Amino acid sequence: MQRRDFFKQAGVASLALGAGAAGIGTARAAADHQWKLITSWPKNFPMLGTGANRLAELIGELSGGRIQVKVYGAGELVSAFEVFDAVARGTAEMGHSVASYWKGKSEIAQFFAGVPFGMTAQEMNGWLYHGGGLELWTELYARFGLIPFPAGNSEVQMGGWFNKEIKSTADLQGLKMRMPGLGGEVIRRAGGTPVSLPGGELFTALESGVIDATEWASPYIDLASGLHKAARYYYYPGFHEPGTTLEAMVNRAAFEALPADLQAIVRNACKAINQDLLAEQTARNPGALRTLIERHGVLLRAYPDDVIAELKRLTEEVVSESAQKDAFSRKVVASYRKFLQESKEWSRISELAYLQARDQG
Ligand code: CA
């Protein structure tokens, strides 16, 4: 009911509620377009997998059953890290994943997921929808026959799970830590060994000692993964992922085969899901963190200031080098940096000043 209420409030459900829960079964046979949606997440995993399910349902509802979308968890059709290629070649029409996984395709793609010490969820949405970010992302993915849409955001993530305390950067030396994307490169420069693993494999890797530490996401998602059973210390803040945008990528030929109204439905369903998943995080994270600490005895720790300062310095190196790869990368980094700089100036007297004022006394 909560989900439906959200969409009602968002004003997008009135179109085709009749074709929703009641109609979808009968609409299946009559669908004009049968799409597969492959994901990098375990099937039905909270927020990630269930978010993909909701995206599929919403497209079905809004289109009155003209598009029928079947969701596949990681490993069902293709593995978590094969989503990009599989949608590009048309094995599936749509994928739900995160651009930080596609460094091997294009290093600059990672910027459309997020940057360490970079934009928050709200700033990412500002940049993507109204600051030129999505145009650049679309230009990049066009090279691969894909169209990207923002489709969820994690909020500020947690720093990760460790079995020892991190008191200085010396404690990062030789540490085998799961961390994808630009954050992984920062960890490498800090002396650690970043490992890239899909979310569904983290618990086993950490418990068996294949990795020493891992970041995954937020309290809500981490609790569902059971990571507290494999590590004691839970660090914050997630300097490496301050507001990671999830993506829905669509095969360009499949999208262009849709009439204009169905294209608008796919585009706007993604936009609704982008907001809905962020709202779910905001609603679920506080309770999940309490559960981790109070019921499971997790030890919450903040990264020391000098560790944060060093990681920030290394991030600057990584971002500057990203800008030097080619002309397009330079354009993306310049756009990202300009938006972030202006947003920082504004947020100092808006979000930051307000949050500090709210916390006083
Ligand atoms: Ca993460």
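Each ligand, and each atom within it, is numbered from 1 in the order the structure gives. This structure is a prediction, so every number in the text was calculated from the model and none was measured.
For the residue pair Asn274/Asn125, the side-chain donor-acceptor check at 3.5 Å is satisfied. Side chain to side chain, Ser225 and Trp216 meet the donor-acceptor criterion of an N or O pair below 3.5 Å. A side-chain donor from one of Arg337 and Ser320 sits under 3.5 Å from a side-chain acceptor of the other.
Taking 3.0 Å as the threshold, Gly183 does not count as a candidate ligand of the Ca ion (ligand 1), since none of its N, O or S atoms lies below it. Among the atoms of Ser154, none of the N, O or S atoms falls under 3.0 Å from the Ca ion (ligand 1).
Note on Glu215: its N/O/S atom closest to the Ca ion (ligand 1) is OE1. When distances from the Ca ion (ligand 1) to the N, O or S atoms of Glu241 are compared, OE2 comes out shortest.
The aromatic rings of Phe81 and Trp102 stand perpendicular to each other, their planes meeting at an angle above 60°, with 30° marking the opposite boundary.
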